[in-house]
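Notes to accompany the following structure.
Keep in mind that this is a model prediction, so the values were computed, not measured.
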Amino acid sequence: MSESTWKVGPLAQACGLTVRTLHHWDTIGLLSPSRRTAGGHREYTGHDIERLYQVLALRSLGLGLDTIAVCLDSGVDPTRVLRDHRESVEAQLTALTNLRDRLVRIEEQAADGSAPTTSALIDALRATGAASPGADQALRRHLDDDQLQALGAHSAAVGPTAHYFLEVEWPELYRRAEELRRSGVAPSDPRVRGLVARMDELGALFSGGDRTLSTGVRSAWREDPAALSGDASARPGQWDDLADYLDEARKGRK
């Protein structure tokens with residue numbers, strides 16, 4: 001039994017897209033049909049439909065086509081990324097809910113004219129710590145309150161794509177750079193400089209182009225990579241060689 005396929009017209013109509021859009025995605029390599037008819041017409045298979053679903057799901061979150069291509073072509077499972085993101089948000093919501101409950105109890109005590117108990121204050125302090133991710137605590141050692149506020153504002157401006165830039169594209173860029181470094185490719189190589197250029201573009205999104213913010217964040221990465229990367233096994237100095245390699249590539253771009 002032959003696998004069912006879709007021609008570009010019916011597929012575009014079913015997905016609410018235009019034929020022109022599917023043709024463009026084929027041209028840029030984002031979504032290319034696996035088959036062609038004898039007359040050269042595009043035919044999309046079940047595998048192609050699965051990729052199309054992933055493209056549309058990631059695009060609905062505000063990702064650009066280049067970022068979506070990195071997500072899919074680097075072997076990252078978008079479903080896993082979405083699940084990890086959801087679990088992270090749920091953990092933060094739980095921590096914030098616990099903090100809110102404790103603050104409500106303290107507020108009620110104050111409204112009754114009685115001072116908050118030591119136990120209630122300790123509980124609130126613990127909840128405050130739980131609501132602040134380890135990355136935030138690591139950054140506080142390198143950035144002051146104004147800089148942290150600016151960093152938060154820039155990150156918020158990025159929108160829903162921030163998670164994927166940080167969790168998908170950025171790690172993939174570093175992975176590729178490390179492969180080149182281990183292979184003995186010089187920092188001046190155009191491939192390395194291209195990766196650095198994209199890293200710095202992403203960095204500018206989150207820092208607003210403020211070099212003091214970028215420097216502080218890099219220092220935090222070197223000092224506490226476990227907190228910043230989410231990899232509990234990461235150790236200080238683990239990525240120093242790669243960081244130095246990338247800095248050398250940056251010098252060549254100036």
Side-chain angles (χ1 to χ4, degrees), residues 28-30 58 62-78 81 84 133-136 138-144 147-148 150-159 161-254:
I28 65 176
L30 178 63
L58 293 177
L63 272 69
L65 297 183
D66 289 343
T67 302
I68 292 173
V70 171
C71 289
L72 300 182
D73 295 339
S74 64
V76 175
D77 179 3
V81 175
D84 291 347
D136 180 67
L139 288 172
R140 284 185 181 278
R141 291 191 283 271
H142 298 272
L143 302 174
D144 60 30
Q147 290 174 320
L148 283 170
L151 185 63
H154 293 311
S155 298
V158 175
T161 58
H163 174 75
Y164 293 91
F165 287 144
L166 294 172
E167 301 291 336
V168 179
E169 184 175 7
W170 222 324
E172 172 64 12
L173 293 171
Y174 274 96
R175 184 190 67 77
R176 293 179 183 177
E178 178 64 2
E179 286 182 351
L180 293 173
R181 186 188 72 83
R182 289 182 176 274
S183 298
V185 176
S188 59
D189 187 282
R191 290 171 293 176
V192 183
R193 290 182 177 175
L195 293 174
V196 166
R198 180 54 181 162
M199 290 176 187
D200 290 347
E201 286 177 359
L202 292 178
L205 283 177
F206 291 93
S207 67
D210 187 332
R211 291 188 177 182
T212 60
L213 287 182
S214 298
T215 300
V217 172
R218 287 182 193 172
S219 297
W221 269 95
R222 285 181 180 261
E223 179 185 289
D224 198 348
L228 272 296
S229 68
D231 180 0
S233 66
R235 294 291 179 266
Q238 179 175 329
W239 297 325
D240 282 0
D241 289 344
L242 176 58
D244 292 340
Y245 179 73
L246 296 174
D247 284 343
E248 284 297 316
R250 287 186 177 92
K251 292 178 183 178
R253 293 177 56 238
K254 294 180 180 178

Legend entry - Atom pair CG/CZ of L180 and R191 - distance to nearest 0.5 Å: 5.5 Å
Legend entry - Separation between CD of E178 and CG of D241, rounded to the nearest 0.5 Å: 8.0 Å
Legend entry - Distance in Å, L242 CG paired with R182 CZ, rounded so as to fall on 0.5 Å steps: 9.0 Å
Legend entry - Contacts of R198 that satisfy side-chain contact (heavy atoms from CB on, under 4.5 Å) - sequence neighbours left out: T67, F165, E169, L173, E201, L202
Inset, instruction - State, to 0.1 Å, how close R193 and P187 come at their nearest heavy-atom pair, and which atoms those are. - result: CG-O, 3.8 Å
Inset, instruction - Determine, step by step, whether R176 and E179 satisfy the salt bridge (Lys or Arg N to Asp or Glu O under 4.0 Å) criterion, reporting the C-alpha distance in whole Å, the side-chain angles of both residues, the deciding distance to 0.1 Å, and the verdict. - result: CA-CA 5 Å; R176 293 179 183 177; E179 286 182 351; over 6 Å; no
Inset, instruction - Compare every heavy atom of A177 with every heavy atom of L246, then report the nearest pair and how far apart it is. - result: CD2-CB, 3.9 Å
Inset, instruction - Begin with the C-alpha distance, continue with both residues' side-chain angles, and end with the deciding distance and a verdict on side-chain contact (heavy atoms from CB on, under 4.5 Å) for Y245 and V185. - result: CA-CA 10 Å; Y245 179 73; V185 176; 3.9 Å; yes
Legend entry - OG-CD distance between S188 and E248, expressed to the nearest 0.5 angstrom: 9.5 Å
Legend entry - Shortest non-hydrogen contact from A150 toward L213: CB-CD1, 4.3 Å
Legend entry - Heavy-atom pair with the smallest gap, counting every atom of A249 and V196: CB-CG2, 3.7 Å
